[in-house]
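Letters A, B, ... mirror the listed sequences (proteins, then strands); counts begin at 1. It should be emphasised that the depicted structure is a prediction, and the values quoted were computed from it without experimental measurement.
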2 protein chains.
Amino acid sequence: MELAPTVRRLDQLSSIGSDPTGGLTRLLYSDEWLTAQKYVQEEMAAMGMTTKFDGVGNLFGRIEGKDLPNETVMTGSHIDTVVNGGNLDGQFGVLASLTAVEYLKEKYGQPQRSLEVISMAEEEGSRFPTVFWGSKNFVGIADNEEVKDIKDGQGKGFVDEMRRQGFDFQEQTRRDDIVAFVEEHIEQGSILETEGDQIGVVTSIAGQRRYNITLKGQANHAGTTPMSYRHDAVYGMAKIVTLALERAHEIGDPLVMTFGKVVPKPNTVNVVPGEVLFTMDCRHTDPDFLIEFSTQVEEMMKEVAQDMGLGIEIDRWMDEAPVPMSEKVYQTIENCAKSGGYKYRVMHSGAGHYSQIIAPVYPTAMIFVPSIGGISHNPAEETNFEDLVNGVQLLADTLYELAVANCQTKCNGLSKNTSYGVS
Amino acid sequence: MELAPTVRRLDQLSSIGSDPTGGLTRLLYSDEWLTAQKYVQEEMAAMGMTTKFDGVGNLFGRIEGKDLPNETVMTGSHIDTVVNGGNLDGQFGVLASLTAVEYLKEKYGQPQRSLEVISMAEEEGSRFPTVFWGSKNFVGIADNEEVKDIKDGQGKGFVDEMRRQGFDFQEQTRRDDIVAFVEEHIEQGSILETEGDQIGVVTSIAGQRRYNITLKGQANHAGTTPMSYRHDAVYGMAKIVTLALERAHEIGDPLVMTFGKVVPKPNTVNVVPGEVLFTMDCRHTDPDFLIEFSTQVEEMMKEVAQDMGLGIEIDRWMDEAPVPMSEKVYQTIENCAKSGGYKYRVMHSGAGHYSQIIAPVYPTAMIFVPSIGGISHNPAEETNFEDLVNGVQLLADTLYELAVANCQTKCNGLSKNTSYGVS
C-alpha cells in the first residue's frame, strides 16, 4: 500500500488548529474545525467521491456501489479534538479511511457495495457541555433541547456558533442503507504496546458510571481537637478509597476503578478537614456486573460514613451501559488480521467512542492501533509509523471483505435486512 | 470584680480592623494594627501605667513595684489577628491583663513586685511568612536575616512596612527582671466546653511536626489502563492516611494527627492520578514520643510507596519540640483556680502560642478560657461572658499571688535567681 497520501494528509490536517506546543485544538464549530472539514471534503472530492455535509456539519464522501448501491459500508472517525490534543485522536481514523478507500478504488475500481467515509463533526465534548452531537444526529437521536441554551467557556452560544459556520438543527431521521460501520482509532491505552500487539479488534465498549461523593464531618483545629472528638472527612475518604481499590485490584480486568479528584475543605495543613469531595469512575464491559459492583461500593461508602459519624452524599452523574460491537463486523476484522499475519488482540475499549452511539443502530466495530506509552489527549500522543501503516492496511482489507469481495448479491452475511439492532 | 472596663475595651478594640462579616483583620504593621496598639497604649496610660514600645512594636505598660521593683511579673497576649479572625484570639488576653492589673491597682495600690502588661506585636504569622516576630524580639532571639527579604501577599516588603509604621530592627538583648509570665488565651478547642470545665491550667505546649508528602506514580487514562498497570498516587495516599490515622486513634491523647491538605494531579475524574501532594500534622507533648511516632509513620509511608511502585518525597518542614510550662507558675494558677472554686482542668495546649518562645527563657504558664464549639480564627469565635469574667478574675488572683501577696522579700518561691531556664 502506498502510504504517502496518508502521511501528506496527516501533515496537512495537523497544521489546521496547531499551536506552538505541537498540540492541536479544533473545537466544534470553531474556524479551525470548519477549515479541517473543508480540507477533508476537498481530499474526498479529489479522489472522486461525491461529498455532502449534513445539517449539523457531519461530512460524508461516497463512492456508489455497482452491484448493491443501496447497501453502504461506512468508515471514519471524528474531526474535532480536545484542547491541546494530539494529532492522531480522531483525525487518524478519518485519514486512514480516506487512504483505505482510495487504495480499494485504485486496486479494484468501483466497489460492489457503496463505500462511504464519514468525518464526524464532534465526539470529544470539549467545547460545549454536550457530547456525541455528531453521531447522535447521524443516527437520528440528537436532543435539540439539550443544546439550545448551552455556551462554551467564553460564553458563546452553541446555536449561534453552529449557525455562524452555516449549520443548523436538522430533522432527526435515520438512514436505512448502512450494513456495516468501522471506526479506526488509537488505543489511548498501553495494553497493545505492553503486550507487543499490533492491532486491537474491539468487541465492546465498556460501560461507565461516574460519581461525585461528598463526605461531611466537622472542621476543627488540628492541634486542639483530640482524636476521639474528630469527624475527619479525609479519613473517611481514605478508608473508602482503600477498601474500594483493594477490591477492584482483586477483581481485575475488565473492571477499572479510579478516584481521580479529591478536594478537601478547607484543604490546609492545620485544620481537621470538615468536608471532602471526591470522584469515582467505574467501568466494566458487563452491564450487570457494573451495576452490581458499583452498588456494592455505594453501600460500603455509606457504611464507612455511618461508622465514622460522617454525612455522605453520593451523586451518580454518569451511567452509561456497556455497548457490544457487532460480531459479524469484528469477526471480519479478526479474520483479516489473521490472514494479514498481524499480532492482534481481541479486546474491549475502556475509553468511550462515538461508535457506542452507532453500534446499537448499525453493525459496528472498531480497530485499534497502539498508542506509545498509552498517551492521548496530549501533544505527545504518538504511534509508531509501522503501526499506522498496519492499521490502514487492515482497514482496507476489512472494507474489501465488507464491500468488494464476493458481493454480487448478499456477500459476507451482511444485508440490509439484518443490519438493524445490536448484532 | 468590675467587668465593665473589659467589655468597653473589647467593644472598642473590636472596632479596629473589623469588617462587615463581623470578622477582625489586624495584620502586623498594617494601619489597623498600629491604631490598635495606640488604643491599648492610651488605655494603659489612662490607668496610670508608664508605657513604651520596643523597637519592633511590642507595647509595654508598667506599674513599678514598691518592694521588689526589679522583679517584674508580666502578663499579656498578642494584638495581631489572622485574616477575618474573631474578636477574642489574642486581644482578649491583652484586655484581660489590663483589667486584672487595674483591679489589683485599685484594690491593693502599688504592687510589691513590678507589674507589666505586654501587647505583643505579632503571633499569628498571617501577613508575612514568619511567626513569633514579637516574642522572639522580646527574648532576644529574632533573626533579622530571616525577614529582611520577605513580602506579604500584595508584594509589600516586611522591612518597608515595619519602617512605614515607625519601627525598625533592634538589638537582640534580653531583660533580666522578669520572674513570671502569664498569658491568658481562649482554648481554641472544645475540651473545656465538652468536659464542662471553666478554666484550663496549661502545663505544656505540644510539639508539632508538619510534613509535605509527595507520592509520584503515573497519570493514565481511567478507562484504558487495567488495574494491574496502574501506579495510582491517590491509592497510595489513601492507604497511608488510613494506616496512620488508625494507629493515631489507637494511641489517642495527647497525640493528634491530621492530613488536612490533599492535592492530586491532574485532579480530574477520568485520569488515574499520577501524583498527589498531601500534608501531615503530628503533635504530642512528649518530645521523644513525637519523634519516635512520626519517624515510624515516615517509615510506613516509604514501605507503602515501595510496595505500590510509587516514588515518595517526605519534607518535614516544621519541627517544634514540645515546651513545658513553668511548674511554679502553673501551680500558682492551679492553686488560685482551686481557691476560687472554679471547675478547672490541667491540660496541654495543642495549639501553638507565643508563650512557647517565652517559656524557655522566663517562668511562664497559660490560662485558657473555653471556646464555644472550639471555634477560633473565625468571626464565629465566642466564649460565654461568665467564662470571660472567670478568666479575668483568675488572672487577677494569679497576678496577686505572684506580685502582691507576701512579697516583702522573695515571695512565692520566685526570685530573679531562679527565673531562668525551663523551670
Chain B contact via A:N270 - which portion, at a heavy-atom distance below 4.5 Å: both
Minimum side-chain heavy-atom gap A:F289-A:E292 below 4.5 Å: no
Donor-acceptor contact below 3.5 Å, side chain A:T258 vs main chain B:G223: no
Pick from A:F259, A:Y211, A:Y229, A:F278 with the largest number of heavy-atom pairs that fall under 4.5 Å of chain B: A:Y229
Per-residue contact mode, B:V271 against chain A (heavy atom under 4.5 angstrom): backbone
Centroid-centroid distance, A:H185 to A:H78, less than 6.0 Å: yes
Winner by heavy-atom pair count (cut-off under 4.5 Å) against chain B, out of A:V272, A:D232, A:T194: A:T194
Residue part contacting chain A, namely of B:Y235, when any heavy atom lies under 4.5 Å: both
Chain A contact via B:M347 - side chain, backbone, both or neither, heavy atoms under 4.5 Å: neither
Contact winner vs chain B - A:A219, A:G352, A:A233, A:A238, heavy-atom pairs under 4.5 Å: A:A238
Leading residue by heavy atom contact count with chain B [cutoff under 4.5 Å; candidates A:I375, A:T242, A:N212, A:V269]: A:V269
Side-chain touch A:M237/A:M301, heavy atoms, less than 4.5 angstrom: no
Proximity breakdown for A:T268 and chain B, heavy-atom pairs closer than 4.5 Å: backbone
Backbone N/O of B:V262 and side chain of A:N267: donor-acceptor pair under 3.5 Å: yes
Short side-chain to backbone donor-acceptor contact, A:E382 and A:I372, under 3.5 Å: no
Options A:E187, A:H348, A:H377, A:E246, ranked by heavy-atom pairs under 4.5 Å with chain B, top entry: A:E246
Chain A contact via B:A206 - which portion, at a heavy-atom distance below 4.5 Å: neither
A:T225 backbone acceptor or donor facing A:R230 side chain under 3.5 Å: yes
Partner chain B: residue of A:G260, A:P273, A:G350 with the largest heavy-atom pair count (under 4.5 Å): A:G260
B:Q306, CD: over 12 other non-hydrogen atoms inside 6.0 angstrom: no
Heavy-atom proximity to chain A below 4.5 Å, by part of B:L255: backbone
